[in-house]
Every structure is written in C-alpha cells, then in structure tokens.
Enquirer: 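Quick one: the structure is below, and I'll ask about it shortly.
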Protein chains: 2
Amino acid sequence: MGDSSKRVRLDQRVIVDGVLELSRTEPTSRITFKRLGAALGVDATAMYRHFRNKDELTRAALDRLIGAAAEAGREAPGNWRSRIETFLFRLAELSLEHPSIASEGAVIDAAGIGDIAADELILEQLTEAGLAGDALIRAYAAISGFSLSQGAALAQEAMTVEGAARDGSIPWIGSYGVTNLAEYPHVYAHRDALFAISGMDVYRAGVAAILDATERAADGS
Amino acid sequence: MGDSSKRVRLDQRVIVDGVLELSRTEPTSRITFKRLGAALGVDATAMYRHFRNKDELTRAALDRLIGAAAEAGREAPGNWRSRIETFLFRLAELSLEHPSIASEGAVIDAAGIGDIAADELILEQLTEAGLAGDALIRAYAAISGFSLSQGAALAQEAMTVEGAARDGSIPWIGSYGVTNLAEYPHVYAHRDALFAISGMDVYRAGVAAILDATERAADGS
DNA sequence: ACCTGAACACCGTTCAAGT
DNA sequence: ACCTGAACACCGTTCAAGT
C-alpha cells in the first residue's frame, strides 16, 4: 500500500513476460527467483503457486521464443526453404536476445504450444518440399535437433562472454592457448581463418548444410 | 592416518580422472566439489589449488572426451567420411557415458589439446575429401558446431530422464501434453512417427545431413 | 486464494590456519 | 607446498503464517 511498485496480479503469462524481460535486460546474469521477484514486485517464492519449479518456468519461457520464431517462419515469403530458414534465423536472433533462457534450450523436449507450432511448421514446409515417410521424419529430426541445440550453444556464448555481443559475432574459437601448433599442421595452416569464425558463422554453416541435404533429399524423391 | 582412504596426491590429471569416473558412475547427479572430494578422499576445496574454478575443471574433463573421440576417428578405417562419422558417434557414446560433463559442452569453446586434436582431424579429413578455402572452413564450422552442441543435447536428455538410458534411446518428444492437435494437422498425421524418434535418431539424422552436404560440396569442387 | 517470510539443504568460492 | 575447515554469499524449495 502506498508505494507505486510494479506489483501486478500474477499468472503464468505475466511471469513468463517477466522472465523474458529480465533475460533481455540482464543478458549475462542467470535468472533467479529472487531477481525475478524483485522485477515483478513480488516475493521470490510467489512463483511456486504458478509453476511447479524453475524448470517448468524455463520451459514455458523457451516455448514462447520457439513459438515466436515459428510464427515468423510461417509468415515469411518465398518457398519452403526460405520459410524454414526464417524460422531458424529468427530463433537465433531471439536466442541472442534472451541468452539466459535460450541457453537452457538443449535441456528441453517439446511440451508447449510453441514447440508444437514449430513442429507443425517444419513438417508442413517439408511436405510442401515433396518429402514424405521416413525421409520426411529424418529431415524433421535433423532440423528440429539443430534448432534446439545450436540455438542454445549460440546463447551460451552470448551469456558467457563479457560485453555480450548480441549479433552472434563472438569468435567461435577464442584461442588455442599456449599449445604448440606444430603437431597440428592443418590447424596451423588455417589458424587465421579459424579464429575469424564467429558463432553466427557456425550457425549459418549448419543451417546451409542441413537445408542443402534436405533439398537434395526432396529432389531425389 | 591409519584408514585406507582413496587419498592420492592430487594433480590435474587425477582430478579429471575423478570427474570422469564420477560422471560415469552417477550419471544423473550433478558434479559437485563435495562429491568429487569425497570420491578422491580429499576436502571439497582442495581442487582450487589445481583449477581456477569449476568451469576450468569442466573444460578440462570435456577436452578429454573430445580428444578421445578424435583419436577414435583418426584410427578408423575407410575414407574421410567414415573417419568423421566415427569421431562424431564416438563423441555421442562418450557423451552418453558421461552425461553430467558432456551436457556442459555447449558452453565451451576450444581451448585444450583434445579440442585441437579434433579440429586437426576434421580439417585433415575434409582436405582429403578435396575441400579447400572457404568451402573447407564452412564444412569445418558445420561439423564442429554440430559435435559440441548436439553431443551436449544428447547428454542433457540422458541426465534429465530417470532410469538414464545410456544408448540414446530416450524419446525426443515426450508428449504433446493435453494440447488438442486438431490445429496442427501435420503433427497429428505424423504423431506416431514423431513419438518414435529417439535422441540418437536425431543425432544420426544430423550427422547424415551434414556429411551429405559436405560430400556434395566436395564433389562439386 | 494468493502471497510472505522464515527455514532448510544445498551450492561455489575465499582465506586463514594447519602440516 | 599442499590440504583443511570455517565462513560467506548465494541458490531452489518447502511450509506455516498472514491477508
């Protein structure tokens, strides 16, 4: 009473909004109930009335990101490939925007409606590409696995590195330490090119490889 | 004095041995300094004389796994593709054998000699495949990114799920909850095939996609 | 019905003290 | 030189108490 705190009536949506806001404004610090509670003007333990535990809360937040990326993919112009590309790159953007959430991505298997929407998008677009049966399921698996794990990897980098570049421009290989590279001639020969690789370059290379393979499978079917 | 504890003289190698042993025998519990100290017959804080912090210790342990997988790849018979395949699948096996270490994989950028050995193997085999220049670097990026992030994802599953299947046979999609799938016709149509996908299926699909794309790039060069 | 706040069982990490 | 153990600042989570 009296103070104009940010206290609002809590529900799952408001809490997930808060988590996403927190992960955006404080990208390098872990999400804790204490910080989340402070941001929402509520006690740290108030969340337990709405989520069973922190894992469920993290799942719900991640599900929102995946759902948003799926929506962007669905609305993208062009053919099936450009729609799946848009989904994957929007997910990368959102992962870099909310690193402390997205970095937990590898943990989670599909559960919420965002995940289902993403699965629907991928299956729909692959069907449009002409895939069916086992080949469709394999292509789905490759793309789905990529999106969860590689988005998480990108986010982990953004969270770990100080100064947190939000564009994925963090070097993939920081250094090879003091190791004498004489025993590793190929690494030595390409060391400049290797140091120039960014996390987003790795992501891009993965997307291109998986969609090239998918396109080839579709053409051959 | 007097008790036959497992106390040994500590050094980095002994500690990493202990971490790997612990992550193998207790796959579902997190690595803590207390548990590690108990296993080594030493106080929980004794590790700080040998590693700056827990992150460095985790890095060193993961580096060992990657190095072992690289060695397996190097010794594999066949052509460049089967050697890279062996590396990736051996890494998957080791990730499932040491889930609590491998699940941290996405965090880490190359630093130790295991990482360098893996980079050397990949570059060497891709060169043998006929790749050079930008195409070589792109193929390296796709494979390297895959190995770190997807191995971590596989391990996360194995750690989370009770009864911890060590063969990657955990379902990729646990369930779609209570959601009405009527709005998601493609998901609904393929629901049985989707539920049948295991974590290792996803890994296999990713390996096949990336190496298919690499082979195609090599043939076209 | 919903939120608070004390309490509990952990964590990683630091540092003075032991040997 | 290396390890111990107390101490600190956190965590997630539970639960009785408030309103």
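Chain letters run A, B, ... following the sequence lines, proteins first, then strands; residues in each count from 1.
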Enquirer: Using the criterion of both pairing distances under 3.5 Å for Watson-Crick and G-U wobble pairs, give all stems of 3 or more consecutive pairs involving DNA chain C.
Expert: C:4-8 with D:12-16, C:12-16 with D:4-8
Enquirer: Nearest whole Å is fine: how far is D:dT13 P from A:Glu56 CD?
Expert: 11 Å
Enquirer: To the nearest 0.5 Å, how far apart are CD in A:Glu104 and CZ in A:Arg30?
Expert: 8.0 Å
Enquirer: Quick check for you: to the nearest 0.5 Å, what is the distance between A:Leu211 atom CG and A:Glu85 atom CD?
Expert: 5.5 Å
Enquirer: Side-chain atoms of residues 181-200 of chain A: list all donor-acceptor pairs with protein atoms under 3.5 Å, sequence neighbours left out, distances to 0.1 Å.
Expert:
{"residue": "A:His186", "atom": "ND1", "partner": "B:Glu120", "partner atom": "OE2", "Å": "3.0"}
{"residue": "A:His190", "atom": "ND1", "partner": "A:His186", "partner atom": "O", "Å": "3.0"}
{"residue": "A:Arg191", "atom": "NH1", "partner": "A:Tyr188", "partner atom": "O", "Å": "2.7"}
{"residue": "A:Ser198", "atom": "OG", "partner": "A:Met200", "partner atom": "N", "Å": "3.4"}
{"residue": "A:Ser198", "atom": "OG", "partner": "A:Asp201", "partner atom": "N", "Å": "3.1"}
{"residue": "A:Ser198", "atom": "OG", "partner": "A:Asp201", "partner atom": "OD2", "Å": "3.2"}

Enquirer: Is B:Asp55 paired with B:Arg59 through a side-chain N to carboxylate O contact shorter than 4.0 Å?
Expert: yes
Enquirer: Report the distance from atom CE of B:Met159 to atom OG of B:Ser103, rounding to the nearest 0.5 Å.
Expert: 4.0 Å
Enquirer: Identify the two heavy atoms, one from A:Ala76 and one from A:Ser82, that lie closest to each other, and give their separation to 0.1 Å.
Expert: CB-O, 4.4 Å
Enquirer: Find out whether B:Leu96 and B:Leu154 are in side-chain contact, i.e. whether some heavy atom of one side chain is under 4.5 Å from a heavy atom of the other.
Expert: yes
Enquirer: What is the distance from CZ of B:Arg49 to C1' of D:dC2, rounded to the nearest Å?
Expert: 5 Å
Enquirer: What string of B, S and - do you get for nucleotides 7-12 of chain C 5' to 3' if you count protein non-hydrogen atoms under 4.0 Å?
Expert: ----SS
Enquirer: Would a line drawn from the ring center of B:Tyr203 to the ring center of B:Phe146 be shorter than 6.0 Å?
Expert: yes
